[in-house]
Amino acid sequence: MVDEQPEPAQTAAGGLDRRAELSEFLRTRRARLKPEDVGLPDFGRRRVPGLRREELAQLAGVSVAYYTRLEQGNGHNVSAEVLDAIARALRLSDAEHAHLTHLAKPKQHKKKPVARSQQVRTALRHLLDSIDSVPAYVVGRRSHVLAWNRMAAALFGDWAELPAQERNWARMVFLRPEYRELFVEWEQKAADIVGYLRMDAGCHPDDPQLSALVGELSVKSEEFRRLWAAHDVKEKSYGVKRMRHPLVGDLTLSFETFRLVDDAEQSLITYHAEPGSASAEALRLLASWGADATRAGAESPAP
């Protein structure tokens with residue numbers, strides 16, 4: 001089961017404001033640090049939480065005026081060495097460091113046709129179809145699901161039944177109630193999705209379609225607004241997800257992310273269970289139902 005995901009229609013909204021993004025990202029990272037976290041004395045009550053700009057500048061080895069300009073969104077001519085020093089002072093993760101670099105020193109991208117769709121290679125489609133025991137799908141820009149196999153449809157629901165624009169993890173997690181039921185730690189899944197979108201926004205702050213998606217979700221979901229305002233970023237990687245499927249009940253599955261070498265904006269995601277576990281048996285049962293699994297579960301009593 002595959003889908004050539006068309007890009008959403010061009011909207012009147014522009015891209016995200018890179019200067020505002022840089023300013024808010026630095027401010028929120030500074031606010032989460034306490035003086036004792038970085039070996040500085042604390043001289044009593046503070047008007048706002050976190051380190052002062054003066055303290056952060058001292059830790060990074062730059063002038064207060066220089067850091068203030070940067071936190072105000074002026075990243076012009078900032079060197080990689082200075083960004084590295086600020087990243088160390090703020091105790092940034094690798095993903096956060098990359099995000100800071102994208103915001104402060106954006107790469108110049110050639111403009112692409114607005115209506116151009118993201119393409120999934122034929123060989124990759126065949127690979128998905130050949131994986132008959134492991135849920136797998138390809139995700140692209142803005143968390144769009146581009147292609148998937150039969151087992152992914154059995155686990156997550158038959159995405160072929162959704163309009164192409166709705167095959168988007170952010171829309172599904174925040175706007176479709178069945179995904180709140182599916183993910184046991186829904187809050188963590190929601191935070192992960194927002195973190196991925198934040199990374200995407202840092203790489204492509206001028207993307208009007210991403211801006212439109214963020215605007216839509218901000219209007220429709222208070223939880224999305226709260227998580228987006230936190231400015232947390234995250235790279236897709238690996239981990240464990242607990243799910244509660246309407247047909248087979250609880251599953252504990254490990255997921256892996258494989259970024260495509262020929263297109264860094266696409267990733268292959270797979271889910272698997274520990275051999276011999278109850279979750280592995282549940283996946284085998286789902287395989288026998290295929291894409292009808294979620295529908296059949298919805299018509300059956302809860303396990």
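Position 1 is the first residue of the sequence, and the numbers go up from there. Just the heavy atoms: all of them, side chains too, but no hydrogens, waters or symmetry mates, feed the values below. Computed from a prediction, not measured in an experiment: that's the story for all the values here.
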Subject >> Carboxylate-amine/guanidinium proximity below 4.0 Å for Lys236 and Asp200 >> reply: no

**OP:** Please report the shortest heavy-atom distance between Ala89 and Leu33, naming the atom on each side.
**Re:** O-CD1, 3.6 Å

Original post:
Between Arg32 and Glu96, is there a salt bridge with N-O shorter than 4.0 Å?
Top reply: yes

Original post:
Can Arg52 and Glu55 be counted as an ion pair, charged N to O under 4.0 angstrom?
Top reply: yes

Original post:
Step by step, would you call Trp228 with Phe174 a ring pair (Phe, Tyr, Trp, His ring centres under 6.0 Å)?
Top reply: CA-CA 12 Å; Trp228 186 256; Phe174 285 97; over 10 Å; no

Subject >> Student check: side-chain heavy atoms of Ile269 and Val138 closer than 4.5 Å >> reply: no

**OP:** With rounding to the nearest 0.5 Å, note down the distance linking CZ in Arg167 to CG in Leu162.
**Re:** 6.5 Å

Original post:
Is it the case that more than 12 heavy atoms not belonging to Phe258 sit under 6.0 Å from its CZ atom?
Top reply: yes

**OP:** Check whether any side-chain N or O of Ser221 sits under 3.5 Å from a backbone N or O of Leu217 as a donor-acceptor pair, and report yes or no.
**Re:** no

Original post:
Is there side-chain contact between Val120 and Gln266, with at least one heavy-atom pair below 4.5 Å?
Top reply: yes

Subject >> Flag side-chain contact, heavy atom, 4.5 Å: Leu124 against Leu260 >> reply: yes

Original post:
Hey, what do you get for CG (Leu283) to OG (Ser133), rounding to the nearest 0.5 Å?
Top reply: 8.5 Å

**OP:** Answer yes when Glu71 and Arg27 have at least one side-chain N-carboxylate O distance shorter than 4.0 Å, and no when they do not.
**Re:** no

**OP:** State whether Arg226 and Glu223 are salt-bridged, where the test is any N-O pair (Lys NZ or Arg NE/NH1/NH2 against Asp/Glu carboxylate O) under 4.0 Å.
**Re:** no

**OP:** Please answer whether the main-chain N or O of Gln165 pairs with a side-chain N or O of Arg171 as donor and acceptor at a distance below 3.5 Å.
**Re:** yes

**OP:** Keeping the roles fixed (side chain from His245, backbone from Ala154), state whether a donor-acceptor pair exists under 3.5 Å.
**Re:** yes

Subject >> Contact summary for Ser254 and Val240, nearest pair of heavy atoms >> reply: OG-CG2, 3.9 Å

Original post:
Do you know which two heavy atoms are closest between Tyr66 and Ser79, and how far apart they sit?
Top reply: OH-N, 4.2 Å

Original post:
Do Leu182 and Phe156 come within less than 4.5 Å of each other through their side chains, counting heavy atoms only?
Top reply: yes

Original post:
Only one of His144, His204, Arg142 forms a side chain to side chain donor-acceptor pair (under 3.5 Å) with Gln209, so which one is it?
Top reply: Arg142

Subject >> salt_bridge(Glu235, Arg259) N-O dist < 4.0 Å >> reply: yes

Original post:
Between Asp232 (side chain) and Gly195 (backbone), is there a donor-acceptor pair under 3.5 Å?
Top reply: no

**OP:** Assess the side chains of Asp84 and His97: does a donor N or O sit below 3.5 Å from an acceptor N or O?
**Re:** yes

Original post:
So, do Leu253 and His272 sit near enough that their side-chain heavy atoms are less than 4.5 Å apart?
Top reply: no

Subject >> Asn149 CG to Tyr137 OH distance, which is reported to the nearest 0.5 Å >> reply: 11.0 Å

Original post:
Any Lys/Arg nitrogen of Asp132 or Arg150 sitting under 4.0 Å from an Asp/Glu carboxylate oxygen of the other?
Top reply: no

**OP:** Over all heavy atoms of both residues, which pair between Ala136 and Thr270 is shortest? Give the atoms and the distance, please.
**Re:** CB-CG2, 4.0 Å

Original post:
Is it true that the NZ or CZ of Lys241 lies under 6.0 Å from the centre of Tyr271's six-membered ring and within 45 degrees of the ring axis?
Top reply: no

Subject >> Atom CD of Glu181 with >12 non-hydrogen neighbours under 6.0 angstrom >> reply: no

**OP:** State whether Trp186 and Arg180 meet the cation-pi test: NZ (Lys) or CZ (Arg) under 6.0 Å from the six-membered ring centroid, and within 45° of the perpendicular axis.
**Re:** yes

Original post:
Do the side chain of Ser218 and the main chain of Val214 share a donor and acceptor less than 3.5 angstrom apart?
Top reply: yes

**OP:** Answer yes or no: is there a side-chain heavy-atom contact under 4.5 Å between Asn168 and Leu213?
**Re:** yes

**OP:** For residues Met172 and Glu166, determine if any side-chain heavy atom of one lies less than 4.5 Å from a side-chain heavy atom of the other.
**Re:** no

**OP:** Please answer: with hydrophobic residues joined when any side-chain heavy atoms are less than 4.5 Å apart, are Val184 and Tyr179 in the same cluster?
**Re:** no

Original post:
Between Val64 and Val62, is there a shared hydrophobic cluster once you connect ILVMFWY residues whose side-chain heavy atoms come closer than 4.5 Å?
Top reply: no

Original post:
Any salt bridge between Lys220 and Glu216, counting N to O under 4.0 Å?
Top reply: yes

Original post:
Which heavy atom of Leu197 sits nearest a heavy atom of Ala170, and at what distance?
Top reply: CD1-CB, 3.8 Å

Original post:
Which heavy atom of Ala85 sits nearest a heavy atom of Ala60, and at what distance?
Top reply: CB-O, 3.4 Å

**OP:** Please confirm whether the backbone N or O of Gly73 pairs with a side-chain atom of Ser23, one donor and one acceptor, at under 3.5 Å?
**Re:** no

**OP:** Inspect the contact between Arg141 and Asp207 and indicate whether a charged nitrogen and a carboxylate oxygen are less than 4.0 angstrom apart.
**Re:** yes

Subject >> Value rounded to 0.5 Å, distance of CG in Leu59 from CG in Leu90 >> reply: 8.5 Å

Original post:
Any Lys/Arg nitrogen of Asp262 or Arg121 sitting under 4.0 Å from an Asp/Glu carboxylate oxygen of the other?
Top reply: yes

Original post:
Are the side chain of Arg91 and the backbone N or O of Arg88 linked by a donor-acceptor pair below 3.5 Å?
Top reply: yes

Subject >> Straight-line distance of His102 NE2 to Leu22 CG, nearest 0.5 Å >> reply: 13.0 Å

Original post:
Is any side-chain heavy atom of Leu103 closer than 4.5 Å to a side-chain heavy atom of Phe25?
Top reply: yes

